[in-house]
Amino acid sequence: MSESGDQQSCGQRRKPVDALQLGPRKRPSATDPLVHYGRHFGRTVHALCNFQALLTNGILRMGELADTPEENFTAEERREHRVFQELLKSVAGLEERLMQGGDDEVDAVAELASASGARGDDTKSLKGSVLDWITPKGQNLVPPLARNIKVDRGFHHERTGALLCPAGLDWSNSETKAKLKSGEIIVTGDQWPLFLYADYYYDPEDPWNGLFRSALLVCAYRHVFTSPSSVDREPKATRSGNARIHGMTRVTLPSIAYIATQIRFSLTSSPVFSRTDTVTDSERFYNSVLDIFEDPEEKQEVNDLTVWWNRQIFPSYSTAQRPPVKNSALARIREKRARTKEVLAGDGDGGSV
């Protein structure tokens, strides 16, 4: 997507832009509530939005294209509109604000809602912390890695290289390792790294086994959403940090993709998160993870994954409603209510004979 596409005005609504690609970086005002929600939106709904294009195309769908059949839109356009609807649903008064305002209002909302601030904060925070999580207990990384300089990470280092090695390739193979280090083997975003797997083990016969269940991902998720201090101890029933601030009680699938993208970038040697960085290919990686999460054919595995994640992050999470304790006041109230309903139902039947 070109820069001119990023800067397209709302007045040119007949030529939609790709909203689910990262837009230009802007510095929003911290006083508007949209800034507060925009940070959460980027972490939990879509991390790499071009908000200008998202709003422009969403307004177009609600206006000129309102009668267009759903099947006329591409899968990417349908995903984009779901993201737009999620934004409207989550911010009170936003739909009215957009529909009644002009192009300037759309521009203002897009700037305020930009999620790049949160992404940048998380990138900076995770850059040093990830080294603590990948260092085996009681040992040191050899050679040591700097917390604030990434030049020696990626395939240049034994530990980060092993974690970033695409599943299916053997990092212990000297020829493979040399080709990854030299760039002879180019790793694209849809070649998923080994760190996504539990115990960093990939089973080619069962590629879902342990996928997105690594301890490294859980550490990073807790760091961002519950609090950095929650990483090294069992999470408490009470929520804290970003999850508590935003009333978050369930893990979202895009938030897993977001954390995976952040960790993947933190392990690389690239110094700056950029949409034009073809080396890290972060956008393709992020979108490829979303693709598998949204694939109807993978629904059962994805549902199981969601349950697993909720149990890791929110200890009070339960997939089923627990019955009240027997003989408790709540149980007695419900029993009495049930008996009363039975009596009333019986009286009703008797009266109709």
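Below, each value reflects all heavy atoms present in this structure, side chains not excepted, and no hydrogens, waters or symmetry copies. Just so you know, residue 1 is the first one in the sequence shown, and it goes up from there.
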Regarding Arg119 and the six-membered ring of Phe273, is the cationic atom NZ or CZ under 6.0 Å from the ring centre and inside 45° of its axis? yes
Taking atom CG as the centre, does Asp206 end up with more than 12 heavy-atom neighbours from other residues, nucleotides or ligands that are less than 6.0 angstrom away? yes
Under 6.0 Å from the six-membered ring centre of Phe265 and within 45° of its axis: does the NZ or CZ of Lys150 meet both? yes
Are Lys299 and Glu294 ion-paired here, with the side-chain N under 4.0 Å from a carboxylate O? no
To the nearest 0.5 Å, what is the distance between CG (Asp281) and OG1 (Thr188)? 6.0 Å
Can you tell me if CD on Glu71 sees more than 12 non-hydrogen neighbours from other groups inside 6.0 Å? yes
For the residue pair Trp133 and His223, does the interplanar ring angle fall in the parallel (under 30°), tilted (30 to 60°) or perpendicular (over 60°) class? perpendicular
Run the ring-centre check on Tyr258 versus His46 and record whether the distance is less than 6.0 Å. no
Does atom CD (Glu297) have a neighbourhood of more than 12 heavy atoms from anything else shown, all under 6.0 Å? no
Qualifying residue for side chain to side chain contact (heavy atoms under 4.5 Å, CB included) with Leu163, from Leu194, Val130, Leu267: Leu267
In this structure, which one of Phe212, Tyr286, Tyr202 forms a ring pair (Phe, Tyr, Trp, His ring centres under 6.0 Å) with Trp192? Phe212
When you measure from the centre of the six-membered ring of Phe84, is the NZ or CZ of Arg61 closer than 6.0 Å and no more than 45° off the axis? no
Side-chain H-bond candidate by donor/acceptor type, Thr280 with Asp277, under 3.5 Å: yes
Between Gln300 and Asp304, does any side-chain donor sit less than 3.5 Å from a side-chain acceptor? yes
Taking atom types as modelled, find out whether Tyr197 and Asn209 have a side-chain donor-acceptor pair closer than 3.5 angstrom. no
Can you label the angle between the Trp309 ring and the Tyr221 ring as parallel, tilted or perpendicular, going by 30° and 60°? tilted
Verify the neighbour count for atom NZ of Lys181: are there more than 12 heavy atoms of other residues, nucleotides or ligands below 6.0 Å? yes
Answer with yes or no whether the side chains of Tyr200 and Ser214 bring together a donor and an acceptor at under 3.5 Å. no
Considering only NZ, NE, NH1 and NH2 on the basic side and carboxylate oxygens on the acidic side, decide whether Glu95 and Lys89 come within less than 4.0 Å. no
Would you say Gln262 and Lys127 make side-chain contact, with heavy atoms under 4.5 Å? no
